[in-house]
Amino acid sequence: MSDQSIMAAPILILPERSHAIASDLRATLGVDKVKDDYSTLTAYAVDASIYRMMPKAVVLVESEEDITATVRYAVERGIPLTPRAAGTNLTGSAIGAGIILDVSRLNRVLELNREERWARVQPGIVLAELNKQLARDGLLFGPDPSSGDMCKLGGMLANNSSGPHTLRYGSVKDNVEALRVCLQSGDWLDARAYGFDDPVCADLLKTHRPLRDLQSLIQENAPLIEQKRPAVSKNSCGYNLFGLVDGLARGRFDLPKLFVGSEGTLGLFSEATIKLVEKPQATLTALIHFHRLEDVGDAVPKLLELRPSALEVMDANTLNLIGRAKHGIPADAAATLLIELDAEVSQTDLRAQAERMTEISRRYRLTSDPVIAFDPEQRDQLWKARKALYPTLYRFDSRKKPINFVDDVVVPADRISELIRYLGEFFAGQRVPVAIFGHIGNGNAHIIPLLDVNDQGDFKKMVQGYHEIHQTVLGRFGGSICGEHGDGRVRAEYVKTMFGQDLYNLFVRVKQSFDPSGVLNPGIKISDRPFTDHIDYERLSKPCATCAKCNAVCPVYDVFQSEDMSSRGWFEIVTDKNYSYLNSKRVVEACLNCKSCRTACPAGVDVSQLILDRRAEHPNPTAGAIFYYHAQTARFGRFLKFLARYQSLWDRPLMRRLIDHLTKPFMRGLAETARLSPQLVLPRLAQRHLRDRYPELIPQAKREPRSPVAYFHGCAANYFDDGVGDAVIAVLRKHGVEPDLPPQRCSGTPIETYGHRALVKEGARVNLASMAGYKKVVTGCASCTLMLKDYPTLFAGEPEQAAAQALAKRVTHISEFVAQSSVKPTMASQQSTKCKVAYHSSCHLRAAGVTKEPGAILAGLPGVEYVEMPDADRCAGGAGTYLVKDFETSQRIVERKRRAVEQSGAEVVATSCPACMIQLRTGLQGAAEVKHVAQLLQEAYEAADR
Ligand SMILES: Cc1cc2nc3c(=O)[nH]c(=O)nc-3n(C[C@H](O)[C@H](O)[C@H](O)COP(=O)(O)OP(=O)(O)OC[C@H]3O[C@@H](n4cnc5c(N)ncnc54)[C@H](O)[C@@H]3O)c2cc1C
Ligand code: SF4
Ligand code: SF4
């Protein structure tokens, strides 16, 4: 039977029935788990590949029963079913035209055996999160794709992923003991390496026909499979029948070997038992810059003698494209190697290793001495550029994008220089810029040409390159077309060429046996369709790489685990040609404007800004009324003082419940979810506002500034009695500065989140004029800091832009001010025992580029034991007014922070933002005291005065 006739069998149901599909599934699974609205389908139409396919429905499974029901339904109706985890694959394997089954909500570690070093884990867990949990026991899951911050175990299993540390730990297939697999029949299989004489194996063979087929297939064809085994160190192309033949030789039916790397085409995983390794005691990372590419190929085998855990290469073009100066890479480096060496026991032998490494490197012409880092933070810095390479290439050109179509070839490691040389010549001939980097220790090269696929000429070059390069890798180098990324849609066309017709026919038989109806991820791995089908031409002209790095930090995605509630999904939705506020209001209004996505995005995309732009097209009328009143500072101030006077009366549990109830209709004008929850811990409103308490600091009207420094206190420090404003002033005074409190309006952050840009600009103009004469404008609020620094964007192309740029340069958060100050006031501790203090890093301060100073200040305080808190950089969920707009979600977000605080053992959580303080006090429920960094400084200075 030919492969064509085998694959032609099933006719899958498509379009017309889309609504019926979702409603059928809802009837079985419940409304919360099934989505088919415009926003959801748009968000799920992409993964990190060059493709796009609109699904008909998305199912967010929460149990094995949900998976079974969905599989049975899809098979019964002949609807394509695509499993999906984080959607970071580069091959188009997590998108499909039917049902997307998202496993992200199955994200727990179910069991951990420290002694035997294994864990039972669900497929929706993010690799970084898994390793964070394992690190508590000194353990690690070895395979480490560079996408580890965002990719999930399910996708890693299905793609047989690996990464820089494959050299030491192997690929996923080498690290899996067992899998729970839902077969197309809806039956569950515990896939392990069973002995053929094991009665359990006999039972399984009796129960599952596909297993019987598989057993005879490998027994009958072992010599052919053996003969076609790729002769390189790693391969993820085709089905891993090689692993099964290896098992056969050991008398084992090694089932995980088949399913790992099967890309959702043979079954769906609900959990995996994975092998773990000890976390190395210490590690060194080094960059070696070579003058000549030829030397790299020569140096690799010698460096491999040091048994590095990682050995990575970046070619000259890659270094140019990512910007040499930015990453401290010498202008004359022809290639850079990144090497990592682990110490199992102590740091001493690592230093000796470093010397040997330097000695080997010096045999070649280097452009500078190797850069060696032992400290985790510096090592992270060296890895940073390498890990974000692919999305960073999106910054290079607005039309030419990095296109993954020959991205994952493997050749013998000692021929990598020859490969790079060949590729350099090939792309030079095409006049196409290309980045070549990858796992040189394994001979695995990632080749990313930059092309405008909407240009006919570039499109032809892509197709030509696809065939020529793959053919050369197979013919001249005896390599593999796929080391770790999977075949997906992009390489399916070439699997037959890679292995030949006979072995390909066996793959087809395996597929047909496990998936006779053809519903499991059709078009992936086994397909005759050209790789150019379903290319997303529209998206490839946009600035987003769809890499999902932003999803990894998006607090809303963290809570909902659904792409329609995620930063990457929102980019897709708000830039889609069919976008309208009406069809997407639910999701457009769900963003916190925390800006974590902007800080994380390697491609320089600011999703939060795109969302704000969309909101500005539909300003919220209720918020407008509130903010217009708020802008009348004198009247608004009087109203708040009135509320302050009676706070002890109305801020009681019963009254707060009543207020919540009575204000609900009004609050609904802000958002469906908005309310004044009685659980919201309000700070005390000030009866005398900050400006009333420091009349001496208020500059006289129409006079020159008294001081070179203005304090931009913002709304919270003025209206609340939270101690922040007093602390900032006290700290400035200790540093010899008597600040001015010039007239000021709200910086604009909360106003902009409700779409009232004109009002933001009105306030910003007041602030620009008022802050104009000062050398420094000090803030104590993260959001004000960022907003003032962002005024140039607000006034882009407008007359105020120059003034805005001048102000942005002078804005300084109090923690930066103290760090830069030459005055070093004496400090002392208030108490005799040390107090454990952790830092919650406010998202807006990070986005403003202030990251190190607050922690450094805290670490230097007497009487303070500064503790690193897990997830310190994650949003706490307050985001100014978000805890009013959607209190329930904000509390789900802060839950993670509460666990982190508890784990850190901190008695005090310090932060840099009054708004974060409100959220932390509400969410921590007394688990720790909450203070501003300035307050802790003030205490230390005052203790010294006593
Ligand atoms: C910037 C960047 C860097 C990368 N670096 C690397 C790298 O160094 N090494 C590497 O190997 N890859 C790398 N990748 C590719 C990708 O991140 C990995 O392949 C990753 O393991 C995919 O995981 P995921 O959770 O995103 O899976 P998805 O993309 O969601 O899915 C991948 C495949 O798994 C299937 N699948 C998902 N869950 C299940 C399940 N429960 N049961 C059955 N099938 C399932 C899907 O159907 C699909 O076929 C990189 C990607 C990016 C964007
Ligand atoms: S916005 Fe940036 S981080 Fe997010 S998916 Fe796009 S490129 Fe990646
Ligand atoms: S601003 Fe925050 S909530 Fe909004 S998309 Fe970015 S990360 Fe997500």
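Each ligand, and each atom within it, is numbered from 1 in the order the structure gives.
To the nearest 0.5 Å, atoms CD1 (Ile99) and NZ (Lys56) are separated by 10.5 Å.
Here the heavy atom of the protein found nearest to atom 7 (S) of ligand 2 is Ala545 N, 3.2 Å. Shortest contact from atom 8 (Fe) of ligand 2 to any protein heavy atom: Cys547 SG, 2.5 Å. Remark: minimum distance from atom 6 (Fe) of ligand 2 to any protein heavy atom is reached at Cys544 SG, 2.4 Å. Atom 4 (Fe) of ligand 2 has as its closest protein heavy atom Cys550 SG, 2.2 Å.
Residues Thr68 and Trp188 have side chains that bring a donor and an acceptor to within less than 3.5 angstrom of each other. A side-chain donor-acceptor contact under 3.5 Å links Thr82 and Asn521. Between the side chains of Thr265 and Lys525, no donor N or O sits under 3.5 Å from an acceptor N or O. Between the side chains of His840 and Gln919, no donor-acceptor pair of N or O atoms lies under 3.5 Å. Using modelled atom types and a 3.5 Å distance limit, the side chains of Glu340 and Trp383 yield a donor-acceptor pair. Counting only N and O atoms by type, the side chains of Glu572 and Thr42 include no donor and acceptor under 3.5 Å apart.
The heavy atom nearest to atom 52 (C) of ligand 1, considering only Pro145, Gly124, Ser147, is found in Ser147. Between atom 6 (C) of ligand 1 and the options Gly264, Gly483, Ser146, the minimum heavy-atom separation is to Ser146. Across Leu101, Leu127, Asn159, Asn89, heavy-atom proximity to atom 33 (C) of ligand 1 is greatest for Asn159. Selection from Ala548, Pro602, Pro391, Ala86 by nearest heavy atom to atom 1 (C) of ligand 1 gives Pro391. The closest heavy-atom contact to atom 44 (N) of ligand 1, among the options Ala158, Cys547, Cys182, comes from Ala158.
Salt bridge status for Lys234 with Asp174: absent, with no side-chain N to carboxylate O gap under 4.0 Å. Salt-bridge check for Asp397 with Lys400: failed, with every basic side-chain N at 4.0 Å or more from each acidic carboxylate O. Ionic pairing of Asp871 and Lys897 is not present here: no N-O contact between side-chain nitrogen and carboxylate oxygen is shorter than 4.0 angstrom. Under 4.0 Å is where a charged nitrogen must lie from a carboxylate oxygen, and between Asp144 and Arg168 no such pair does. Classification of Lys132 and Glu129 as a salt-bridged pair holds, one side-chain N sitting under 4.0 Å from a carboxylate O. Using a cutoff of 4.0 Å between basic side-chain nitrogens and carboxylate oxygens, Glu271 and Arg180 are not scored as salt-bridged. We find that Lys549 and Asp149 are joined by a salt bridge, their nearest charged nitrogen and carboxylate oxygen being less than 4.0 Å apart. With respect to the salt-bridge test (charged N to carboxylate O, under 4.0 angstrom), the residues Asp564 and Arg586 qualify.
Of all atoms in ligand 2, numbered sequentially from 1 with element shown, those under 4.0 Å from a heavy atom of Thr546 are 5 (S), 6 (Fe). Residue Cys601 approaches ligand 2 through these ligand atoms, each under 4.0 Å from one of its heavy atoms: 1 (S), 2 (Fe), 3 (S), 7 (S). Of all atoms in ligand 2, listed by their number and element, those nearer than 4.0 Å to a heavy atom of Ala603 are 7 (S). Each of the following atoms of ligand 2 lies closer than 4.0 Å to a heavy atom of Val605: 1 (S). Close approach of ligand 1 to Ser161 (heavy-atom distance below 4.0 Å) involves ligand atoms 11 (O), 18 (C), 19 (O), 20 (C), 21 (O). Distances below 4.0 Å separate heavy atoms of Glu263 from the following atoms of ligand 1: 47 (O), 49 (O).
Judged by the shortest distance from any of its heavy atoms, Leu268 lies inside the 4.0 Å radius around the atoms of ligand 1. Within the 4.0 Å heavy-atom cutoff, Ala548 counts among the residues contacting ligand 2. Contact between Asp47 and ligand 1 is absent, with no heavy atom of the residue lying under 4.0 Å from the ligand. Residue contacts with ligand 1 do not include Gly486, since none of its heavy atoms lies under 4.0 Å from the ligand.
In terms of N/O distances under 3.5 Å, ligand 1 is approached by Thr88. Ligand 1 has no N or O atom lying under 3.5 Å from any N or O atom of His446, backbone or side chain. Taking any N or O of Ala94, backbone or side chain, none lies under 3.5 Å from an N or O belonging to ligand 1. Polar contact check, Ala85 against ligand 1: a nitrogen or oxygen pair lies under 3.5 Å apart. For a threshold of 3.5 Å applied to N or O pairs, the pair formed by Pro83 and ligand 1 contains at least one separation below that value. Residue contacts with ligand 1: Gly87 is placed with a nitrogen or oxygen under 3.5 Å of a nitrogen or oxygen of the ligand (distance criterion only). Considering backbone and side-chain atoms alike, Ser93 places an N or O below 3.5 Å from some N or O of ligand 1.
Between Leu81 and Thr70 there is a side-chain heavy-atom pair separated by less than 4.5 Å.
Proximity of Asn521 to ligand 1, defined as any heavy-atom pair under 4.0 Å, is confined to the side chain (atoms from C-beta onward). Heavy atoms of Ser162 found under 4.0 angstrom from ligand 1 belong exclusively to the backbone.
Within 6.0 Å of NZ in Lys542 there are more than 12 heavy atoms belonging to other residues, nucleotides or ligands.
In this structure, Arg105 fails the cation-pi test against Phe560, since its NZ or CZ atom is not both closer than 6.0 Å to the six-membered ring centre and inside 45 degrees of the ring normal. Relative to the ring axis of Tyr754, Lys885 places its NZ or CZ within 45° and under 6.0 Å from the centre.
Screening the protein for N, O or S atoms under 2.8 Å from atom 4 (Fe) of ligand 3 yields 1; no waters enter the count.
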